[in-house]
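Inspection log for the structure reproduced underneath, given as structure tokens.
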There are 2 protein chains.
Amino acid sequence: MDYYDNLGYLINKAARMTKWDLNNALTDVGITSAQWGLIRDIFLTESICNNEAERLCKLTPAAIAERMHADRPTISCMVEKLVKQDFAYRVSNPNDRRSQIILLTDKAKVLIPKLMQLAEDTLEKATTGFSEEDTKQLKEYLSKVIENLM
Amino acid sequence: MDYYDNLGYLINKAARMTKWDLNNALTDVGITSAQWGLIRDIFLTESICNNEAERLCKLTPAAIAERMHADRPTISCMVEKLVKQDFAYRVSNPNDRRSQIILLTDKAKVLIPKLMQLAEDTLEKATTGFSEEDTKQLKEYLSKVIENLM
DNA sequence: TCCGTATAGTTAGTATACTAACTATACGGA
DNA sequence: TCCGTATAGTTAGTATACTAACTATACGGA
């Protein structure tokens, strides 16, 4: 019984290992790899928003969940944790009283370069010995697996 | 910002999708994909145990955790759930009063062929359009990622 | 203008995955 | 024989990921 011939096991294990490695790297900062992914999404989305209207529709929990292919309770709870840790804050949406805009605090923004680097380090470690073509091919394979299951 | 160019996201998403797809397929049986993985491990290990001594050392929660590269609290809790659902039962280890042997009930064993097929179906769906060489290559890439992070 | 349907976000619950710490037991060396 | 160290399994807590259901709000068509 060779676990390393079972694709389901391999995908799951690779996911756990990359999360585990990044969690370790992020311990000092006090966030998890999943939280980093959320911070990263909000940061990059803020960067490309050119005006208030874009921010109002692209930085709601629903929009973030959609972009990250995650479900809204998960994003809602994770945002709550970031707010509690003063990494993010909520602003009411003037156009929709149900909705709110999620923005990053300065405390989070100053950490972005370091967090980007830590995440990059984990992925570089994960792909040690891979050529650029290997990494590209792996991404294509995983994209196709995801597409097949959507 | 293209999520599909981020390897960490792709690995995580592929893992979630395969789990999600198999969870859906297993809903009627009343177990989760993670529980299936545990049942599968116990079943295959029982199959290759030739005598009582092998069973005594290969079917403890600690041995299962090691083989599945999981941690013992996780296995302990999942075994508890399988026991509660009458899919598994515990037998005391006569050689070590701390230890116990985990075995599958008949209720679980009769489901094995169907569960094997459902798991196989998910992986076949995940790799639709892949040649045998593609699947082999993907497994090699993932094995290397895991090895790099261990 | 009203109301049925849809949506945003949350709450509650469940299932894993993990860390830390605990109790009970085993073991090997002095 | 004793005891310090190690191990097996569990408990407690935290973090995600998910489903189901809820409240509040929005919207579009009659």
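No experiment lies behind these values; they were computed from the predicted model shown. Order of the sequence lines sets the chain letters (A, B, ...), proteins ahead of strands, with each chain counted from 1.
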Worksheet item: Does CD belonging to A/Glu80 count more than 12 external heavy atoms closer than 6.0 Å?
Response: yes
Taking only residues two or more places apart in sequence, or in another chain, which ones meet [X] in a side-chain contact (heavy atoms from CB on, under 4.5 Å)?
{"X": "B/Leu123", "value": "A/Asn6, A/Leu7"}
{"X": "B/Asp106", "value": "B/Lys109"}
{"X": "A/Cys49", "value": "A/Thr45, A/Glu54, A/Arg55, A/Lys58"}
{"X": "B/Thr105", "value": "B/Asp86, B/Tyr89, B/Lys107, B/Ala108"}

Would one find a side-chain N or O of [X] under 4.0 angstrom from OP1 or OP2 of [N]?
{"X": "B/Gln35", "N": "C/dT16", "answer": "yes"}
{"X": "B/Arg97", "N": "C/dA24", "answer": "no"}
{"X": "A/Gln100", "N": "C/dG9", "answer": "no"}

Discussion item. Can a donor-acceptor pair be found, under 3.5 Å and without considering hydrogens, that links the side chain of A/Thr27 to the backbone of A/Asn24?
Written reply: yes
Worksheet item: Under 3.5 Å, is there a donor-acceptor pair between the side chain of A/Gln85 and the main chain of A/Ile31?
Response: no
Item to complete: Please list, by residue number, the residues of residues 21-29 of chain A whose heavy atoms come closer than 4.0 Å to an atom of DNA chain D; answer none if no residue qualifies.
Response: none
Practice prompt. Report yes if the side chains of B/Ile102 and B/Leu82 come closer than 4.5 Å at any heavy-atom pair, otherwise no.
Written response: no
Worksheet item: Would you call B/Lys13 and B/Leu10 a side-chain contact if the rule is heavy atoms closer than 4.5 Å?
Response: no
Worksheet item: When the nearest nucleotide of DNA chain C is assigned to A/Ile101 and to A/Met17 on a heavy-atom basis, which residue is associated with the more 5' position?
Response: A/Ile101
Practice prompt. Between A/Thr60 and B/Ser33, just flag the one whose closest nucleotide in DNA chain C comes earlier from the 5' side.
Written response: A/Thr60
Among [options], which is the nearest nucleotide to the side chain of [X]?
{"X": "A/Thr32", "options": "C/dT25, D/dT16, D/dA17", "value": "D/dT16"}
{"X": "B/Asp96", "options": "C/dA15, D/dA15, C/dT25", "value": "C/dT25"}
{"X": "B/Pro61", "options": "C/dA17, D/dA17, D/dG9", "value": "D/dG9"}
{"X": "A/Ala34", "options": "D/dT16, D/dG9, C/dT16", "value": "D/dT16"}

Separation of [X] atom [atom1] from [N] atom [atom2], in whole Å?
{"X": "B/His69", "N": "C/dC18", "atom1": "NE2", "atom2": "C1'", "result": "17 Å"}
{"X": "B/Ile102", "N": "D/dA8", "atom1": "CD1", "atom2": "P", "result": "13 Å"}
{"X": "A/Lys84", "N": "D/dT14", "atom1": "NZ", "atom2": "P", "result": "11 Å"}
{"X": "A/Lys81", "N": "D/dA17", "atom1": "NZ", "atom2": "P", "result": "11 Å"}
{"X": "A/Ile75", "N": "C/dG9", "atom1": "CD1", "atom2": "P", "result": "11 Å"}
{"X": "A/Gln85", "N": "D/dT14", "atom1": "CD", "atom2": "P", "result": "13 Å"}
{"X": "B/Glu80", "N": "D/dG9", "atom1": "CD", "atom2": "P", "result": "13 Å"}
{"X": "B/Asn93", "N": "C/dT25", "atom1": "CG", "atom2": "C1'", "result": "12 Å"}

Item to complete: Can you sort out the partners of B/Glu140 under salt bridge (Lys or Arg N to Asp or Glu O under 4.0 Å), two or more places apart, ordered by chain and number?
Response: B/Lys136
Worksheet item: Considering residues at least two apart in sequence or located in another chain, which fulfil the salt bridge (Lys or Arg N to Asp or Glu O under 4.0 Å) criterion with A/Lys125?
Response: A/Asp21
Item to complete: Could you please spell out the steps behind the side chain to side chain contact (heavy atoms under 4.5 Å, CB included) verdict for B/Leu118 and B/Trp36?
Response: CA-CA 10 Å; B/Leu118 291 176; B/Trp36 158 240; over 6 Å; no
Worksheet item: Is it the case that B/Asn23 and B/Ser33 place a side-chain donor and acceptor less than 3.5 Å from each other?
Response: yes
Worksheet item: Among pairs that include at least one residue of residues 91-103 of chain B, which meet side chain to side chain donor-acceptor pair (under 3.5 Å), considering only residues two or more places apart or in two chains?
Response: B/Arg90-B/Gln100, B/Asn93-B/Ser99, B/Asp96-B/Arg98
Fill in: Non-neighbouring partners of A/Phe43 that pass ring pair (Phe, Tyr, Trp, His ring centres under 6.0 Å), sequence neighbours left out
none
Can you give me the N/O atom pairs linking the protein to nucleotides 11-13 of chain C at distances under 3.5 Å, or say none if there are none?
none

Worksheet item: Is B/Thr74 touching bases, backbone alone, or none of the nucleic acid, heavy atoms closer than 4.0 Å?
Response: base
Worksheet item: B/Asp71 near the nucleic acid: base, sugar-phosphate alone, or nothing, with a heavy-atom cut-off under 4.0 Å?
Response: base
Practice prompt. Any chance you could encode DNA chain D as dot-bracket? Rule is Watson-Crick or G-U wobble with both distances under 3.5 Å; [ ] for pairs crossing earlier ones, | for another strand.
Written response: ||||||||||||||||||||||||||||||
Every protein N/O within reach of nucleotides 4-7 of chain C N/O, cut-off under 3.5 Å:
{"from": "C/dT7", "atom 1": "O2", "to": "A/Arg98", "atom 2": "NH1", "distance (Å)": "2.2"}

